[in-house]
Amino acid sequence: MKSSFTDDEWLTIKAEDEEEKRLKEFYRHWSLKESYIKAIGLGLGFELRRASFFYPDAKSKLYAQVKIDGVLDHDWHFVLTELDDNHCVSTATRDKPNTDSWCFLELDGKTLDFAK
């Protein structure tokens with residue numbers, strides 16, 4: 001898996017102080033990569049290390065941006081949603097997301113707000 005992440009991404013993943021948190025951060029980054037390669041339609045034909053994801057607001061891990069080959073891609077925006085303690089969803093969008101207008105999802109009787 002090391003070949004799928006950039007050095008900066010590994011630093012972010014390894015910066016977590018507990019193994020469980022590191023694993024969660026690993027899955028967040030994997031989810032971001034999946035959302036991007038699906039959105040651009042290349043799937044695993046795209047070399048994953050070309051895309052380096054980061055959180056522009058260090059206090060929040062709900063929104064991410066991407067650098068492609070080291071250059072910030074202003075066209076793509078990513079929203080992360082925690083479904084529960086073990087699952088997250090990353091949504092790629094070309095428009096800066098206005099999460100106030102996003103829909104809700106019901107999962108096992110629990111309503112989830114995409115903005116949370």
Side-chain angles (χ1 to χ4, degrees):
M1 284 295 175
K2 185 157 175 67
S3 63
S4 299
F5 296 96
T6 65
D7 292 342
D8 287 341
E9 289 173 318
W10 278 117
L11 287 174
T12 301
I13 293 166
K14 291 178 179 180
E16 295 293 344
D17 57 354
E18 298 172 18
E19 182 65 27
E20 185 175 319
K21 290 180 182 179
R22 283 190 293 274
L23 190 57
K24 192 171 186 176
E25 191 60 44
F26 170 86
Y27 286 127
R28 278 191 195 108
H29 274 76
W30 186 257
S31 177
L32 286 163
K33 288 186 183 278
E34 277 191 293
S35 70
Y36 180 70
I37 63 174
K38 288 176 182 177
I40 63 173
L42 293 179
L44 291 175
F46 181 85
E47 185 185 334
L48 295 177
R49 280 182 59 92
R50 292 183 58 206
S52 184
F53 290 89
F54 66 97
Y55 307 111
D57 178 356
K59 295 178 185 177
S60 173
K61 294 184 176 180
L62 300 178
Y63 175 74
Q65 290 181 282
V66 66
K67 292 180 183 177
I68 304 298
D69 299 325
V71 178
L72 179 62
D73 187 333
H74 296 280
D75 294 332
W76 287 101
H77 307 274
F78 303 85
V79 176
L80 289 99
T81 304
E82 301 289 330
L83 298 177
D84 59 30
D85 289 340
N86 297 311
H87 299 91
C88 74
V89 173
S90 297
T91 306
T93 178
R94 282 204 173 259
D95 298 318
K96 186 150 181 137
N98 175 5
T99 55
D100 293 336
S101 65
W102 286 29
C103 64
F104 292 82
L105 170 73
E106 188 170 314
L107 182 66
D108 295 333
K110 178 180 170 187
T111 300
L112 302 170
D113 181 347
F114 276 97
K116 289 185 179 177

Could you list the residues that satisfy side chain to side chain contact (heavy atoms under 4.5 Å, CB included) with [X], not counting sequence neighbours?
{"X": "D85", "result": "none"}
{"X": "I37", "result": "L44, F46, L48"}
{"X": "Q65", "result": "F54, P56, Y63, L72"}
{"X": "D73", "result": "Y36, V66, I68, D75, W76"}

Tell me, please, which residues at least two apart from [X] pass side-chain hydrogen bond (donor to acceptor under 3.5 Å, both in side chains).
{"X": "S90", "value": "S31"}
{"X": "K33", "value": "E9"}
{"X": "E18", "value": "none"}

With [X], which residues qualify under salt bridge (charged side-chain N to carboxylate O under 4.0 Å, His left out), at least two apart?
{"X": "E20", "value": "none"}
{"X": "E34", "value": "K38"}
{"X": "D69", "value": "R50"}

### Co-members of the apolar cluster containing V71 [side chain, <4.5 Å]
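When side chains under 4.5 Å apart are linked, V71 ends up in no cluster with other residues.
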
Measure the spacing between [atom1] of [X] and [atom2] of [Y] and express it to the nearest 0.5 Å.
{"X": "D7", "Y": "K14", "atom1": "CG", "atom2": "NZ", "answer": "9.0 Å"}
{"X": "L23", "Y": "I13", "atom1": "CG", "atom2": "CD1", "answer": "9.5 Å"}
{"X": "L62", "Y": "C88", "atom1": "CG", "atom2": "SG", "answer": "11.0 Å"}
{"X": "T6", "Y": "K67", "atom1": "OG1", "atom2": "NZ", "answer": "9.0 Å"}

#### Entry: Salt-bridge criterion met for E25 and R22 (N-O under 4.0 Å)
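Salt bridge absent between E25 and R22.
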
#### Entry: Electrostatic pair K61-E82, nearest N-O below 4.0 angstrom
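Salt bridge: no.
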
### Message
Could you work out, with ring pair (Phe, Tyr, Trp, His ring centres under 6.0 Å) as the rule, every residue matching Y55, not counting sequence neighbours?
### Response
H29

